[in-house]
There are 2 protein chains.
Amino acid sequence: MASRTIENYLKQLWLQQQESRGKYVPMGKLAALVGVTAGTATTMVKAIADSGLAKYAPRAGVRLTRAGEQLALHVLRRHRLLELFLVEILGIDWSDAHGEAEELEHVISETVLARIDLLLGHPSVDPHGDPIPSSSGTVEAPELCSLAELQAGSKTAIVRIMDQSAEFLRFAQTSGLVPKAAVVIEHNNPQAGAISARPDGKPPVILSMAAAAKFLVRPCPTAGKQRRKRS
Amino acid sequence: MASRTIENYLKQLWLQQQESRGKYVPMGKLAALVGVTAGTATTMVKAIADSGLAKYAPRAGVRLTRAGEQLALHVLRRHRLLELFLVEILGIDWSDAHGEAEELEHVISETVLARIDLLLGHPSVDPHGDPIPSSSGTVEAPELCSLAELQAGSKTAIVRIMDQSAEFLRFAQTSGLVPKAAVVIEHNNPQAGAISARPDGKPPVILSMAAAAKFLVRPCPTAGKQRRKRS
DNA sequence: TTAATTACTTTGAATAGTCAAAATATTCTA
DNA sequence: TAGAATATTTTGACTATTCAAAGTAATTAA
Ligand SMILES: [Mn+2]
Ligand SMILES: [Mn+2]
Ligand SMILES: [Mn+2]
Ligand SMILES: [Mn+2]
């Protein structure tokens, strides 16, 4: 069994690899994600690599092996099921769920997890729209575009939010920009570097391109190749 | 914040003090309860004493201070609320709940705990009939007698089970000797060292005095002073 | 009351994680 | 291409927790 420390390293590694399309993750990046110094990350990564969960290339970075990926996905599954459980069953605030799940993900037994999964009806996405890995360790990653890519007049629906910070999520919630919400793009002038989006039944919200890029939507305008851009 | 290790020491200490009516708990006993060697317990207890949570008397034992007691009760509250939650909401087996709660009790936040408490309707006892300490750190310990003390022909109801081991609890469950179950004592001959108890709607169960003593009941026969005996 | 048994404490060593600061390597810039 | 700036790795040290084994005190038995 991997320690909770190692589980955290693996999970962050997996998430980061998604962002960087499988490239080696540099130590500095991993250290920042886990919240330790770079020296600590180097030490831990060498230990993780020794146990066969990752490949470590000095001065280049780390990458998960298949085994590491599987373990990371199990942790991520626990994390996301717990988030949904906390929100749906316990009524915990959307913006607090992530932090709570960060701890719980390491102590939930398989039995309890199975019960939670059942209680929630084998859900496929968490409260932020993030896909929940299957118990066999697979995730589907649908190609989505973001609010920033839509033209004025488009109508779409929020599917996923790419920022887990409590502050951002609180802002998203009060604005009405939550998963499943329908929105209309009112303005999107690339020159302005900001857009205006109006969630159904709510006043319009002004978003910088950086902020808009955090909201992934569907359907996407078929205008050209649909590309996803993450900050 | 006390570490999970220290929380475990404090909780076991509190439980043991209940058994021994407030006496100093000897190192060997504590070590066995926590599952470490006596030397380790000595070291930890000295650290705990240094932080003001217990009083350590070399070669005599340890005793919680008021502060230590309060902390222990908060851990116990988390433990017991979690047990009930696991059984009632998640449908976890009665006999597994204790082990699961043993881990969870250290990572549940106050927020989540409050939500669980609410969801369960501010319960006062856990699935084993153990009283749940209040959030302000108080427990009432009703004086109960055990099945072993009842005379043949008595009718009573199980209130609490004083053994948390999964095996014993499984036995209790299949026998029908669960909290709230009504039972009739069919035989109790002190000379035999065993009794026969029949739970309502179930076949009679033969119990040694030691086993019978683990089932606390109410009402108690007013015959003489009602005394509780724990193994 | 001496000797044996038992309980407890001390000591020395190990493991997992961590940081700060020093040493290196890489990459960028002029 | 020689610094300068940046990123990474190494080193030495520290905390928390644990065990095994050796030493010490207390209790029990004879
Ligand atoms: Mn975590
Ligand atoms: Mn999420
Ligand atoms: Mn515990
Ligand atoms: Mn209990």
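Letters A, B, ... are given to chains in the order of the sequence lines, protein chains preceding strands, and every chain is numbered from 1. This one's a predicted model, so the numbers in the text were calculated from it and none came from an experiment.
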Which nucleotide sits closest to the side chain of [X]: [options]?
{"X": "A/Val36", "options": "C/dT9, C/dC8, C/dC19", "result": "C/dC19"}
{"X": "A/Ser3", "options": "C/dT18, C/dG17, C/dC8", "result": "C/dG17"}
{"X": "A/Ile6", "options": "C/dG17, C/dC19, C/dT9", "result": "C/dG17"}

note: A/Glu7, atom CD; C/dA16, atom P; distance rounded to Å ~ 16 Å
To the nearest angstrom, the CZ-C1' distance between A/Arg4 and C/dT18 comes to 16 Å
Donor-acceptor pair between [X] and [Y] side chains, under 3.5 angstrom:
{"X": "B/His98", "Y": "B/His128", "result": "no"}
{"X": "A/Thr40", "Y": "A/Thr37", "result": "yes"}
{"X": "A/Gln164", "Y": "A/Asp130", "result": "yes"}

Next on the checklist: Using the rule given for salt bridge (Lys or Arg N to Asp or Glu O under 4.0 Å), can you reason through A/Asp93 versus A/Arg170, listing the C-alpha separation, both sets of side-chain angles and the distance that settles it, and then say yes or no?
Outcome noted: CA-CA 9 Å; A/Asp93 205 86; A/Arg170 264 193 294 277; 5.4 Å; no
- Message: So for A/Arg59 and C/dT24, does any side-chain atom that can act as donor or acceptor lie under 3.5 Å from a complementary atom in the base?
- Response: yes
| task | Using a 4.0 Å heavy-atom cut-off across all strands, classify B/Lys29 as base, sugar-phosphate, or nothing. | result | nothing
Indicate, with a heavy-atom threshold strictly under 4.0 Å, whether A/Thr5 touches base, sugar-phosphate, or nothing. sugar-phosphate
The residue, A/Gly39 or B/Thr43, whose nearest nucleotide of DNA chain C is more 5′ is B/Thr43
message = It should be established whether B/Tyr24 places a side-chain nitrogen or oxygen under 4.0 Å from OP1 or OP2 of nucleotide C/dC8.
response = no
Residue pairs passing the salt bridge (Lys or Arg N to Asp or Glu O under 4.0 Å) test with at least one member in residues 99-109 of chain A, sequence neighbours excluded, are A/Lys11-A/Glu102, A/Lys11-A/Glu105
Basic-acidic side-chain contact under 4.0 Å: A/Glu69, A/Arg66: yes
The first and last nucleotides of DNA chain D lying within contact of chain A, meaning any atom under 4.0 Å from one of its heavy atoms, run from D/dA7 to D/dT10
